[in-house]
Amino acid sequence: MIACVRFHQQRVAGTVLLPASKSISNRYLLLRSLAGSDAEIANLSEARDTRLLQELLNSATTVLDAQDAGTVYRFLTAMLAYKPGKWQLTGTLRMQERPVGALVEALRTLGADIRYTGKDGYPPLEIQGGKLVSGSITVDGSVSSQFISALLLVAPFLPQGLRVRTNGELVSAPYIAMTVAILRKCGIPVDVNGPDIHISAAPVRCENAVVESDWSSAAFFFEAACLSPEASILFPGLEEISVQGDARLATLGSHFGLISGFDESGWRLEGTGRHPNSVELDLRGEPDLFPALCAAAAGMGMTGSFSGLGHLRNKESDRLLAMEENLLLLGADCSLVDDGLVLHSAQPLRTDGILLNGFADHRIVMAMALLATRCGYIRVTDAEQVAKSFPGFWKALGNLGYEVQLEP
């Protein structure tokens with residue numbers, strides 16, 4: 001499906017109702033299922049990934065398809081290794097290109113019986129569950145934080161809990177901190193000492209679980225505000241003190257010429273009509289912000305660099321390559337480096353509606369769509385992919401005055 005997005009107003013102004021965080025939702029869902037609880041989770045995400053996880057957790061079949069959902073795949077790998085039974089866990093062709101070896105090896109150290117049914121180190125997997133024991137394990141944190149989070153979530157259910165040491169350059173560390181915070185909210189004692197995390201065995205209580213609004217989704221409207229000099233956008237429901245690492249967005253306004261702050265109504269963004277000429281950001285802890293912030297900088301004619309992002313090559317798409325290819329099509333002067341992307345010189349972007357590639361990646365689609373704020377007209381493929389994290393995205397654009405037409 002192709003999204004044709006037009007914006008011809010003087011500025012972006014209005015209120016954006018963000019979805020609930022799928023990252024928080026999925027952690028609560030897994031804990032609740034492992035605990036055998038039916039406790040209500042307030043403000044549960046309606047994202048496609050969260051709905052998929054709910055379906056798979058409730059499925060009576062032994063062949064489970066996690067489709068393109070990386071978090072779902074990694075979390076289920078750990079859960080099924082703990083749960084008695086024999087399982088086939090598969091996913092899309094792209095999922096079968098995304099590594100899972102470090103998680104499998106860690107689970108095998110704890111007694112898991114897991115076999116690769118395709119290429120070693122990658123999905124699909126055959127899992128004979130029910131054999132996990134407690135212990136101390138070391139996990140490479142340089143590929144995906146999801147491996148470590150998956151282990152931490154099953155840890156309270158092991159006889160003596162689990163000690164996890166992370167090594168290597170840790171990526172997306174705030175997502176591990178999110179997992180730790182949610183475990184503590186559910187009554188689990190967690191001791192963090194540098195790279196060492198000790199999860200005690202304890203009953204999991206999810207009775208008071210509440211899911212925050214999603215800071216990751218706010219990034220795309222932050223992009224819109226950057227590209228509209230007189231922008232004024234309100235985000236009700238975002239929490240200033242948040243378990244989400246992407247709440248760092250609240251501190252980045254000055255890098256892009258925005259004023260931001262919290263009041264009783266929520267988080268507000270205001271344009272100033274002025275912005276720095278360059279930006280340099282290390283986003284290793286908040287990689288999901290990269291597509292929106294990079295698109296914003298390119299659209300504003302800024303130079304600069306975005307670093308700490310080598311692991312983005314293993315997401316729903318190779319997000320570094322996806323951003324470079326689309327920005328080059330639009331006329332930006334940019335290139336890739338080992339761990340990120342560099343904007344070399346200020347270049348006006350094309351405004352003729354050239355068709356951009358969404359790379360079947362929700363964050364690439366949304367980042368490209370909001371460039372209509374500056375270009376006036378954007379066309380991008382894979383419009384349906386926004387449902388993965390933000391099912392109401394196109395409606396939210398319409399509420400801000402964008403014209404959106406979805407074509408087969």
Side-chain angles (χ1 to χ4, degrees), residues 3-13 218-233 248-249 251-260 269-283 286-309 312 319-337 339-358 363-380 397 400-402:
C4 303
V5 184
R6 293 177 171 84
F7 188 76
H8 299 302
Q9 297 192 28
Q10 290 295 108
R11 65 180 188 136
V12 177
F220 303 100
F221 298 94
F222 182 99
E223 174 190 344
C226 291
L227 299 173
S228 176
E230 298 180 0
S232 178
I233 306 177
R248 182 188 175 192
L249 193 66
T251 71
L252 296 180
S254 61
H255 292 267
F256 296 88
L258 300 177
I259 297 172
S260 71
L269 279 177
E270 303 284 344
T272 64
R274 303 177 304 278
H275 63 80
N277 293 323
S278 65
V279 62
E280 293 187 5
L281 289 174
D282 184 330
L283 296 175
E286 306 82 24
D288 287 344
L289 299 182
F290 165 69
L293 296 184
C294 182
M300 299 167 78
M302 301 172 75
T303 61
S305 65
F306 298 87
S307 61
L309 299 168
L312 285 186
R319 285 184 178 156
L320 292 174
L321 181 64
M323 289 300 297
E324 182 198 38
E325 288 194 8
N326 279 325
L327 291 178
L328 288 174
L329 280 174
L330 290 168
D333 181 11
C334 65
S335 64
L336 298 184
V337 292
D339 72 337
L341 183 145
V342 177
L343 296 168
H344 296 290
S345 63
Q347 297 288 338
L349 300 186
R350 295 176 62 164
T351 59
D352 54 3
I354 187 171
L355 183 62
L356 302 176
N357 189 347
R363 300 201 190 282
I364 300 300
V365 173
M366 290 188 282
M368 292 301 102
L370 265 304
L371 281 171
T373 315
R374 179 58 57 92
C375 297
Y377 181 39
I378 286 289
R379 297 167 67 233
V380 59
L397 287 194
L400 287 177
Y402 293 80

_Heavy atoms from other residues, nucleotides or ligands near CG of Asp352 exceed 12 (cutoff 6.0 Å)_ =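 Yes - once you tally the heavy atoms of other residues, nucleotides and ligands closer than 6.0 Å, there are more than 12.
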
Heavy-atom closest pair, residues [X] and [Y]:
{"X": "Arg374", "Y": "Cys226", "value": "NH2-O, 4.2 Å"}
{"X": "Met302", "Y": "His255", "value": "CE-O, 3.5 Å"}
{"X": "Val380", "Y": "Leu355", "value": "N-CD1, 4.1 Å"}
{"X": "Leu349", "Y": "Cys375", "value": "CB-SG, 3.8 Å"}

*Can you list the steps and then say if Arg363 with Arg319 is a side chain to side chain contact (heavy atoms under 4.5 Å, CB included)?*
CA-CA 9 Å; Arg363 300 201 190 282; Arg319 285 184 178 156; 3.7 Å; yes

Side-chain ([X]) to main-chain ([Y]) donor-acceptor, under 3.5 angstrom:
{"X": "Gln9", "Y": "Tyr402", "result": "no"}
{"X": "Thr373", "Y": "Leu370", "result": "yes"}
{"X": "Asn326", "Y": "Asn357", "result": "yes"}
{"X": "Arg350", "Y": "Gly331", "result": "no"}
{"X": "Ser305", "Y": "Glu280", "result": "no"}

*Can you name the one residue among Val342, Thr303, Leu328 that meets side-chain contact (heavy atoms from CB on, under 4.5 Å) with Cys334?*
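Output: one option passes, namely Leu328.
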
*Does the side chain of Asp339 come under 3.5 Å of the side chain of Ser307 through a donor N or O and an acceptor N or O?*
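Absent: no donor and acceptor within the cut-off.
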
*asked:* Under a 3.5 Å cutoff, is there a donor and acceptor pairing between the side chains of Glu270 and Ser232?
replied: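 Looking only at side-chain atoms, Ser232 and Glu270 do form a donor-acceptor pair, the distance falling under 3.5 Å.
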
*Worked check of ring pair (Phe, Tyr, Trp, His ring centres under 6.0 Å) between Tyr377 and Phe7*: CA-CA 7 Å; Tyr377 181 39; Phe7 188 76; over 10 Å; no

